[in-house]
Amino acid sequence: MRLALTPELAAFRQEMREFFETQVPWELREPVAHGAPLDREVIVETHRILHRAGLAVPDWPVEWGGRDWTPLQHHLWAEEMHRAAVFPPLSSNTGLVGPVIAAFGTEEQKRRFLPATAALDIFWCQGFSEPDAGSDLAALRTSAVRDGDEYVVNGQKTWTSLAHWADWIFCLVRTDPDAPKRQQGISFLLVDLATPGITVRPIRMIDGEAEVNEVFFDHVRVPADQLVGTPHQGWSYAKFLLGNERVNVAQIGATKLRLALAKEQALARRADGTRLIDDPLLAVRIAEVEASLAALELTALRVAAGSSDGRPQPASSVLKLHGTHLQQLVAELVMDLAGPASVATGTPAERVGADAWARRSALQYLNQRKVSIYGGANEIQRTIIASNVLGL
């Protein structure tokens with residue numbers, strides 16, 4: 001997609017491009033460009049560089065570090081960031097808990113948490129899913145019982161991304177077990193992971209990494225002033241958060257970066273002088289993905305332009321559904337281009353560097369199986385689209 005930019009927007013895009021390419025060191029961008037496994041230092045150092053430049057939370061309220069940009073400026077910021085292989089600001093901080101606290105938290109909570117969240121002085125993780133409450137999130141059973149000025153929390157969260165690196169967790173907890181509907185009686189609670197009674201246990205995933213975790217709460221005492229908003233209204237805050245998450249999960253910029261890698265490999269001449277791109281079926285396959293990605297990008301712009309007060313439209317489910325589908329298509333394309341070399345995964349050290357893209361491709365293909373499940377499984381997204389977008 002090529003946007004017809006005004007001179008002001010063209011200058012804005014160039015400013016973003018120069019910043020990402022010159023102010024974020026290549027050693028922080030190289031692992032992203034080459035699809036290396038997540039690294040806490042890369043995430044933290046990149047986030048803090050962006051924060052110091054005022055580029056970590058541009059869509060937050062201005063009083064808490066936002067930039068009051070238009071949706072198109074925000075799109076150009078994200079596009080240039082991904083183009084330069086810059087790891088985005090930590091989404092659990094900037095796209096999930098931060099906006100919830102800014103919209104529904106008390107003034108004291110905003111002063112306490114928002115500056116530290118924007119600066120990544122607090123590394124947050126998301127405690128929503130449970131063993132029997134994944135896409136059916138309203139089935140959650142982790143309880144928080146009021147005891148004076150504290151809540152006593154018992155239960156288990158699972159598939160908690162990056163909890164082993166996190167400082168705090170934001171959780172949905174059941175505070176009224178007798179509510180007439182499952183969606184009622186749920187509250188939104190902020191918990192320090194250093195609190196006694198919390199155990200974090202990594203889960204080894206299909207690609208061998210352990211970026212997700214189980215989190216256990218055993219009589220964990222949490223100050224009552226760490227409950228966000230009104231008690232028992234957490235479901236409303238969760239819907240607000242999940243709308244933001246579904247926009248972010250689309251990962252359009254990251255998919256464009258991966259597709260660019262695929263095209264680079266398809267265009268490269270092999271030892272016999274031939275190129276994979278000369279296979280017309282492969283050329284059509286790449287063109288179809290490019291066209292779908294351009295259409296998704298336009299949809300993302302429409303969703304952003306139609307949002308109000310930071311609240312995404314129900315059409316954000318379209319972004320999640322199709323965005324994750326394209327992520328998986330591109331991962332499969334890269335693996336197919338790698339051919340037999342994709343199964344020679346090698347050691348972690350051998351999976352670093354541009355020449356190791358083939359050995360990483362199978363692992364990345366396997367890892368991408370998760371994207372159509374988290375953030376609300378794609379089957380759930382189809383139901384949301386049918387009811388809230390199409391009115392069926």
Side-chain angles (χ1 to χ4, degrees), residues 44 47-48 50-71 74 89-128 142-153 166-176 179 183-195 198 217 220-245 247-248 304 307-312:
V44 172
H47 184 115
R48 289 177 175 166
L50 298 180
H51 175 69
R52 288 194 293 269
L55 296 176
V57 290
D59 52 349
W60 281 20
V62 172
E63 63 182 307
W64 299 111
R67 299 293 294 269
D68 196 26
W69 285 346
T70 66
H74 191 277
L90 186 64
S91 62
S92 56
N93 281 42
T94 63
L96 302 183
V97 71
V100 169
I101 295 173
F104 306 108
T106 65
E107 288 305 311
E108 192 280 329
Q109 287 172 338
K110 293 175 185 178
R111 289 192 298 270
R112 178 183 177 186
F113 290 110
L114 289 181
T117 297
L120 202 54
D121 292 333
I122 297 175
F123 192 123
W124 289 93
C125 63
Q126 178 183 357
F128 277 22
T142 295
S143 65
V145 178
R146 185 70 182 257
D147 182 20
D149 293 333
E150 296 177 317
Y151 284 97
V152 180
V153 181
D167 306 306
W168 283 65
I169 184 171
F170 54 95
C171 292
L172 289 183
V173 293
R174 192 165 296 283
T175 47
D176 182 4
Q183 290 83 353
Q184 299 171 347
I186 294 173
S187 297
F188 195 102
L189 194 63
L190 310 177
V191 184
D192 186 341
L193 283 170
T195 307
I198 298 177
F217 300 86
V220 177
R221 304 191 74 89
V222 180
D225 63 3
Q226 289 171 200
L227 186 144
V228 176
T230 304
H232 318 317
Q233 295 301 309
W235 188 254
S236 297
Y237 312 147
K239 289 193 295 183
F240 170 86
L241 180 150
L242 289 169
N244 285 311
E245 183 180 38
V247 172
N248 295 330
S307 301
S308 59
D309 300 323
R311 300 171 186 261

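If you're wondering where the values come from, they're calculated on a predicted model, not measured in any experiment.
Here Trp168 pairs with nothing under the side-chain hydrogen bond (donor to acceptor under 3.5 Å, both in side chains) rule; sequence neighbours left out. Scanning for side chain to side chain contact (heavy atoms under 4.5 Å, CB included) contacts around Pro223 gives Asp225, Gln226, with sequence neighbours left out. With sequence neighbours excluded, the residues satisfying side chain to side chain contact (heavy atoms under 4.5 Å, CB included) with Ser143 are Asn154. Remark: Pro58 engages Arg67, Trp69, His74, Trp77 in a side chain to side chain contact (heavy atoms under 4.5 Å, CB included) (not counting sequence neighbours). Applying the side-chain hydrogen bond (donor to acceptor under 3.5 Å, both in side chains) criterion to His232, with sequence neighbours excluded, gives Thr175. Remark: Gln184 pairs with Ala179, Pro180, Lys181 by the side chain to side chain contact (heavy atoms under 4.5 Å, CB included) rule, at least two apart or across chains. For Glu107, the salt bridge (charged side-chain N to carboxylate O under 4.0 Å, His left out) partners two or more places apart in sequence, or in a different chain, are Lys110. Qualifying ring pair (Phe, Tyr, Trp, His ring centres under 6.0 Å) partners for Phe217, counting only residues two or more places apart in sequence or in other chains: none. Under the side-chain hydrogen bond (donor to acceptor under 3.5 Å, both in side chains) criterion, Asp147 pairs with Arg221, not counting sequence neighbours.
In this structure, Leu172 CG and Tyr237 OH are separated by 11.5 Å, a value rounded to the nearest 0.5 Å. Interatomic distance, OG1 of Thr94 versus NE2 of His51, reported as 12.0 Å (0.5 Å rounding).
Between Val228 and Val97 there is no side-chain heavy-atom pair separated by less than 4.5 Å. Proximity of Ile101 to Phe170: side-chain heavy atoms (C-beta onward) are nowhere separated by under 4.5 Å. Side-chain contact check for Phe128 versus Cys171: every heavy-atom pair is 4.5 Å or farther apart. Side-chain contact between Trp124 and Leu90: absent, with no pair of heavy atoms (C-beta onward) separated by less than 4.5 Å.
Considering all non-hydrogen atoms of both residues, Asp121 and Asp167 come closest at O-OD2, 3.9 Å.
A distance of 6.0 Å or more separates the ring centres of Phe188 and Phe104.
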